Amino acid sequence: MAKLTVRDLDVKGKRVFIRVDYNVPLEEKDGKMVITDATRIVETLPTLKLLIEKGARIVLTAHLGRPKGKREATMSLAPVAVKLSELLGKPVGFIDDCIGEKVEAGVAALKDGELVLLENVRYYNEEEANDPAFATKLAKVADVYVNDAFGAAHRAHASTEGVARVVTARGGKAAAGLLMERELKFLGDELDHPVRPFVVILGGAKVSDKIKVIDRLLEKADTILIGGAMAYTFKLAHGEKTGKSLVEPDHKQTALDAETKAKKLGVNFQLPTDTIIGTPVDTGKLNKKGKPVYDFVDIKTIKGEIPDQAEGFSIGEETAANYAKIIASAKTILWNGPMGMFEDPRFAAGTNAVALAVVEATQKNGAKSIIGGGDSVKALNKAKLGDKVTFMSTGGGASLEFLEGTVLPGVAALSEK
Ligand code: AMP
């Protein structure tokens, strides 16, 4: 059943307690904390503008960093209130606590359409423990609950789950914000009923991280394209050499089972046919964590087995071209995980070629392209293509769990339509 959203709510004069994701990057400059990327704040503006228009009294709550139950000045949300006020073009109050009398007084003073941001909820250990008494204290200023923090919805914390339970138990409503609504639409409905052909591209480091997603999508997809280091565990399972590549020998059977299931279901399951390899050499230097820093020499594209001294770092040109051709025929595309170690420009070409193919299928063929969060979002943004796909998930772990078919506690706690 569909979840209630902010569009469905009548909130005039009501106190709307909204959980947002303001976990923004901060840097210290001249003794002050400065926000270096305000994307997450900007993304909440449509929901906030809608609530302001509807005459809600808005109470914003969020976490920042991992203060582990202590008041950590560098993790205060105070700079976020200033930035949000600038972006909205109207005052945003800030209360230096998230529970207690100060909060109750501050919220009582709000008029329709006004906002206040509460201090970091993780200043209390009870937040992550989802302590019911703490959730009840937070809920003291909530007539209605809204969750717009998809990236935190896989955690059952007091502000992501507990408050929703308290509010609904009192007969109040718990609804999805517009950001959350889009996540549920694209990662949920659109993939449950995809326009075909439905092509899934899966990459990243480990088979073990993605196996549940592979398993579930095998039941829905027409084609699955595998890339990234994950492909080498399949190679290993086929009895091929993988040199020094990142592999999971314990997951050889997992890989073989996925291939068997694909065959049984008639899914076109493709593995890379060529690989970009390099030979690691110790530079004698240590990184910040005291680990040896390696460089890579003798970088080249190979087919077949990876030599003993070498390591695989990306899909090769042939694979990228083949994958691009398949992507061009898709009407729905889901992409999760890079095709190689794209952070290093020497190994980024395969990931970039796939990114470009996804963008072209979207722009030229009207395919719906859904980017399932995490590093594939980073790769698209790095290639400056982020705004040319249909949807990019804002979650990392939450997106992956949602794609696995797991019911996220922050979503489960929301009211049905
Ligand atoms: P994931 O979080 O599982 O999507 O994995 C993303 C990470 O996997 C990125 O940091 C990539 O650099 C890394 N990765 C992808 N392919 C390779 C590869 N062939 N060798 C080493 N790391 C890789």
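When a ligand or atom number is given, it counts from 1 through the structure's own listing order. Just so it is clear, the structure is predicted and the values come from calculations on it, not from any experiment.
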* Does a side-chain N-to-carboxylate-O contact under 4.0 Å join Glu248 and Lys206? -> no
* To do: Before signing off on this row, confirm whether Ala205 and ligand 1 have an N or O atom pair separated by under 3.5 Å.
  => yes
* Can you check whether Leu414's main-chain N or O pairs, donor with acceptor, with Lys3's side chain at less than 3.5 Å? -> yes
* Structure fact -> Within 4.0 Å of some non-hydrogen atom of Tyr232, the atoms of ligand 1 are 19 (N)
* Decide, yes or no, whether a salt bridge links Lys244 with Asp308 under the criterion of side-chain N to carboxylate O below 4.0 Å. => no
* Relative to ligand 1, is Met230 under 4.0 angstrom through side chain, backbone, both or neither, heavy atoms considered? -> neither
* Charged N to carboxylate O under 4.0 angstrom, Lys32 versus Asp30? -> no
* To do: Answer with yes or no whether the side chains of Ser76 and Glu119 bring together a donor and an acceptor at under 3.5 Å.
  => yes
* Basic-acidic side-chain contact under 4.0 Å: Arg15, Asp143 -> yes
* **Asn125 versus Glu127, side-chain donor and acceptor atoms under 3.5 Å** => no
* To do: For Lys210 and ligand 1, answer yes if some heavy atom of the residue is under 4.0 Å from a ligand atom, otherwise no.
  => yes
* Asked: Hey, is ligand 1 close enough to Gly312 that some N/O pair sits below 3.5 Å?
  -> yes
* Asked: Got the closest protein heavy atom to atom 18 (C) of ligand 1, with its distance?
  -> Ala229 CB, 3.5 Å
* Asked: With a 4.0 Å cut-off, would you call Arg216 and Asp192 a salt bridge?
  -> yes
* **For atom 6 (C) of ligand 1, closest protein heavy-atom neighbour** => Asp375 OD2, 3.0 Å
* Asked: Taking atom types as modelled and ignoring hydrogens, do the side chains of Asp257 and Gln253 form a donor-acceptor contact shorter than 3.5 angstrom?
  -> yes
* Does some non-hydrogen atom of Phe347 fall short of 4.0 Å from ligand 1? -> no
* Structure fact -> For Pro338, the ligand 1 atoms with a heavy-atom partner under 4.0 Å come out as 4 (O), 6 (C)
* Can you find an N or O of Phe342 that's nearer than 3.5 Å to an N or O of ligand 1? -> no
* For ligand 1, which atoms have a heavy atom of Met341 less than 4.0 angstrom away? -> 12 (O), 15 (C), 16 (N), 17 (C)
* Closest to atom 14 (N) of ligand 1 among Gly340, Gly228, Gly203 (heavy-atom distance) -> Gly340
* **Close N or O approach (Glu343, ligand 1; < 3.5 Å)** => yes
